[in-house]
Asks: 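Okay, here's the structure, questions in a sec.
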Amino acid sequence: MGGCFSKPKPVEVKVELSLLEKEKEVDGLSPNGKASPFADCRPNGALGHGSDDDSAQLPLYHKPRDYVEASVCHVKDLENGQMREVDLGSGRALLIKEHGEFSALGHKCPHYGAPLVKGVLSKGHVRCPWHGACFNIATGDIEDFPGLDSLPTFQVRVEKDRVIIRANKQALQSQKRSKPMARCSAVINSSTGFSHVVIIGSGPAGLVCAETLRQEGFTDRIVMCTMDRHPPYDRPKLSKSLESTAEQLRLRSTDFLQDHDIELFTEKEAVAIDVKTRTVTFEDGLRMEYRKLFIATGSKPKPMNYKGKDVQNVFHLRTPEDANSIARLANNKNAVIVGTSFVGMEVAAALTDKAHSVSVIGIESVPFKKALGEKVGKAIMKLFEANRVKFYMLNEVSEMIGHHGQLKEVVLKSGKVLRADICVISAGSVPATDFLKQSSIHMDSRGFVTVNKVMQTNCDGVFAGGDVVVFPFPPRNNKKVNISHWQMAHVHGRVAALSMMGRATEIKTVPYFWSAMFGKTIRYAGYGDGFDDVIIQGDLDELRFVAFYTRSEEVVAVASMNYDPIVSRVAEVLGSGKTIKKRDVETGDISWLIDKGSQ
């Protein structure tokens, strides 16, 4: 793939060219003075002098027909702290009133399209009700993840007590925008074995790292290498939508990466790193020198011991091709899922309307017992059983038996024999760090790379993030933890990029993940590892509940089904540094929490 894809242009970011060499020390505060690591705020359209941010997100338009202007409500229709979705004729916008000032921005979360009016408004940002992404209401910039894009903002003014919004029609239709990015100003041949920044891995950590560097004005070469054959794609959807293609799951196109001078090397497996010579060696013999290195290789399936590993139609779900093959081969066949991880259970749910039978094998007494607790696990297990899924719990696989090489039976250690035409193994994962064993990069006994609070390893110029790391987690007194969430990987990529540029910023986020099965979604926020009690509010049998996970007398995490946006509200409270006590959620009345979250 080509090196830099455009001629260098005399841009205002030229002064940033040597930021990595200088390792500038920059105050961790964002430009508006707030201590948010993800806010890059600019003055915005407050009441009385609404600025139109369209020029920062779309091509400049000078023709009136490219804009729509509409009176959307009376000035007193919204109280402070309220949001309303309004129709401008050519599209809809989110109107917000906070501290007596109006703001207007895109009404859909750019991640999966959630209606932000149902989210949580607090302290200058709105949090998505589905997956917890946060957007600055003044600039539309994404401040916390998941997702890559920001929101468009629109001009607001008040005339004769009427609130009037002026918006670009294209922005109303797209409902998202990418932050402006610098271009590479160096003239580089793609065969040159040197890059100022080398990123190993094209998941969310690697991709956000690359985009953040460009957003922050970095103008030297960036090379992102991946074992995948595709440009970055939405991996969490693989297990939820087995028939989706790589094109449908795509996060960024090849053209997008080229336009922003992020070189992507596909089907490149790193096999060694020499930190003394600052060199990465790949399986095909390519050697690349770096000035800064970001390791974000993710995880790989945990090895399993069983007989018959040469039998065909046994899968680990890793790629779109794996997902497509599973969906095709399971049609009207007997499917067996080994493991009750979220991925395994999502695959089981996805196969119920395709396969003749679906069986799940798990080592715990109920699915998700360690993550969500026994009560929640039992409730979800009943949902699966009602959809014809059979469980074989407290069990493990002993042997895969094939006929002419094709899988026919799965034998359990209990002696039970299951008919099986296809098997999906989802029994946990381990960090993909084998290639680091001969380097001097420090790893713990489980193979996780250890990093500090700004995602730097023990080796100069080497950073790591995503599933491969253990990092200091402030809510647990900076205990080194591994949190393998899609959302957390985004955060790691952002923090690592800022660190590379000498703008060290610590992690400030609330872990957030979700899982979808049979059209129902589990949402989860916080870090519940080692919880000692679960307080349930709502109805588990009806799968409309909130589960608060506590350690000692403090709520450390929350999960819900059919109770939006409670998880995002709790994330907002925890993210503000406040503590929720166990006694506060035991009463059955959590209206105080809902009210607090909506201020």
Side-chain angles (χ1 to χ4, degrees), residues 81 114 118-123 125-134 144 342 364 366-383 473-477 479 481 483 485 487-488 508-517 520-599:
K118 295 183 179 180
V120 181
L121 175 64
S122 178
K123 298 179 181 177
H125 66 244
V126 59
R127 186 182 289 268
C128 172
W130 289 358
H131 307 127
C134 290
D144 204 353
F342 285 98
E364 295 181 318
V366 297
F368 310 137
K369 183 176 180 179
K370 184 177 180 181
L372 300 178
E374 188 165 4
K375 291 180 181 179
V376 175
K378 281 184 179 179
I380 296 172
M381 188 173 178
K382 288 180 181 179
L383 171 65
F473 189 53
R476 291 290 177 92
N477 296 317
K479 174 186 175 183
V481 302
I483 301 178
H485 299 345
Q487 169 258 1
M488 186 59 75
K508 187 175 183 292
T509 190
V510 177
Y512 206 116
F513 80 85
W514 64 96
S515 182
M517 306 156 187
K520 301 181 185 299
T521 302
I522 301 168
R523 312 198 197 284
Y524 182 102
Y527 181 66
D529 187 59
F531 66 87
D532 53 33
D533 200 3
V534 186
I535 310 300
I536 306 289
Q537 303 291 356
D539 192 330
L540 278 174
D541 292 333
E542 293 295 323
L543 295 177
R544 185 179 186 277
F545 66 88
V546 186
F548 296 95
Y549 299 86
T550 65
R551 274 171 55 98
S552 299
E553 296 301 314
E554 185 177 327
V555 174
V556 293
V558 61
S560 81
M561 290 185 76
N562 294 309
Y563 229 105
D564 290 341
I566 189 68
V567 170
S568 286
R569 292 195 190 280
V570 172
E572 194 61 38
V573 174
L574 296 177
S576 70
K578 297 177 182 176
T579 298
I580 303 174
K581 294 295 185 182
K582 182 178 181 179
R583 63 175 179 270
D584 295 330
V585 298
E586 285 180 315
T587 62
D589 177 15
I590 54 175
S591 60
W592 62 271
L593 176 61
I594 294 173
D595 292 342
K596 182 181 292 185
S598 62
Q599 293 302 307

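Sequential numbering from 1 along the given sequence is applied to the chain's residues. Side chains are part of it too, since the values below use all heavy atoms of this structure and drop only hydrogens, waters and symmetry mates.
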Asks: So how far is it from Trp130 CH2 to Thr521 OG1, rounded to the nearest 0.5 Å?
Replies: 8.0 Å
Asks: Let's go through Leu574 and Val556 carefully: what are the C-alpha distance in whole Å and the side-chain angles of both, what is the deciding distance for side-chain contact (heavy atoms from CB on, under 4.5 Å) to 0.1 Å, and is it a yes or a no?
Replies: CA-CA 8 Å; Leu574 296 177; Val556 293; over 6 Å; no
Asks: Apply side-chain contact (heavy atoms from CB on, under 4.5 Å) to residues Phe548 and Glu586 and explain how you reach the verdict.
Replies: CA-CA 9 Å; Phe548 296 95; Glu586 285 180 315; over 6 Å; no
Asks: Tell me which one of Arg569, Arg523, Lys118 satisfies salt bridge (Lys or Arg N to Asp or Glu O under 4.0 Å) with Asp564.
Replies: Arg523
Asks: What's the spacing between Ile522 CD1 and Ile380 CD1 if we round to 0.5 Å?
Replies: 3.5 Å
Asks: Given Asp529 and Val481, is the side-chain contact (heavy atoms from CB on, under 4.5 Å) satisfied, shown in steps?
Replies: CA-CA 10 Å; Asp529 187 59; Val481 302; over 6 Å; no
Asks: Looking at residues at least two apart in the chain, or sitting in another chain, which of them share a salt bridge (charged side-chain N to carboxylate O under 4.0 Å, His left out) with Lys520?
Replies: none
Asks: If you apply the rule side-chain contact (heavy atoms from CB on, under 4.5 Å), what do you find for Asp144 with Gln487, and how did you get there?
Replies: CA-CA 9 Å; Asp144 204 353; Gln487 169 258 1; 4.1 Å; yes
Asks: Taking only residues two or more places apart in sequence, or in another chain, which ones meet Glu374 in a salt bridge (charged side-chain N to carboxylate O under 4.0 Å, His left out)?
Replies: Lys378
Asks: Under the salt bridge (charged side-chain N to carboxylate O under 4.0 Å, His left out) rule, collect the residues that match up with Lys582, sequence neighbours excluded.
Replies: Asp533
Asks: Drop me the distance from Glu572's CD to Leu121's CG, to the nearest 0.5 angstrom.
Replies: 9.0 Å
Asks: What orientation do His485 and Phe513 show, parallel under 30°, tilted 30 to 60°, or perpendicular over 60°?
Replies: tilted
Asks: Ring pair (Phe, Tyr, Trp, His ring centres under 6.0 Å) with Tyr512: which residues, sequence neighbours excluded?
Replies: none
Asks: Closest approach of Gly575 and Lys508, non-hydrogen atoms and distance?
Replies: O-NZ, 3.5 Å
Asks: So, using ring pair (Phe, Tyr, Trp, His ring centres under 6.0 Å) as the criterion, who are the partners of His125 when residues are at least two apart?
Replies: none
Asks: Write down the atom of Val567, the atom of Ser560, and the distance for their closest heavy-atom approach.
Replies: CG2-OG, 3.3 Å
Asks: Tell me, please, which residues at least two apart from Asp539 pass salt bridge (charged side-chain N to carboxylate O under 4.0 Å, His left out).
Replies: none
Asks: Let me confirm one number: the CG-OH distance from Asp532 to Tyr549, rounded to the nearest 0.5 Å.
Replies: 13.0 Å
Asks: Restricting to non-hydrogen atoms, name the atom on Pro565 and the atom on Pro129 that form the minimum distance, rounded to 0.1 Å.
Replies: CB-CB, 3.8 Å
Asks: What's the shortest heavy-atom distance between Phe531 and Arg551, and which atoms?
Replies: CA-CG, 3.8 Å
Asks: Would you say that Thr550 contacts Ile580 through its side chain, given a criterion of any heavy-atom pair below 4.5 Å between the two side chains?
Replies: no
Asks: What closest approach, in Å, do Ala571 and Val510 show between heavy atoms, and which atom pair accounts for it?
Replies: O-CG2, 3.4 Å
Asks: Locate the shortest heavy-atom distance separating Arg127 from Cys134; write the atom from each residue and the value.
Replies: CZ-SG, 3.4 Å
Asks: Taking only Lys NZ, Arg NE, NH1 and NH2, and the carboxylate oxygens of Asp or Glu, determine whether Glu364 and Lys369 approach each other closer than 4.0 Å.
Replies: no
Asks: Roughly how far apart are Tyr563 OH and Leu543 CG, rounded to 0.5 Å?
Replies: 13.5 Å
Asks: Nearest 0.5 angstrom please: Leu383 CG to Leu540 CG, how far?
Replies: 12.0 Å
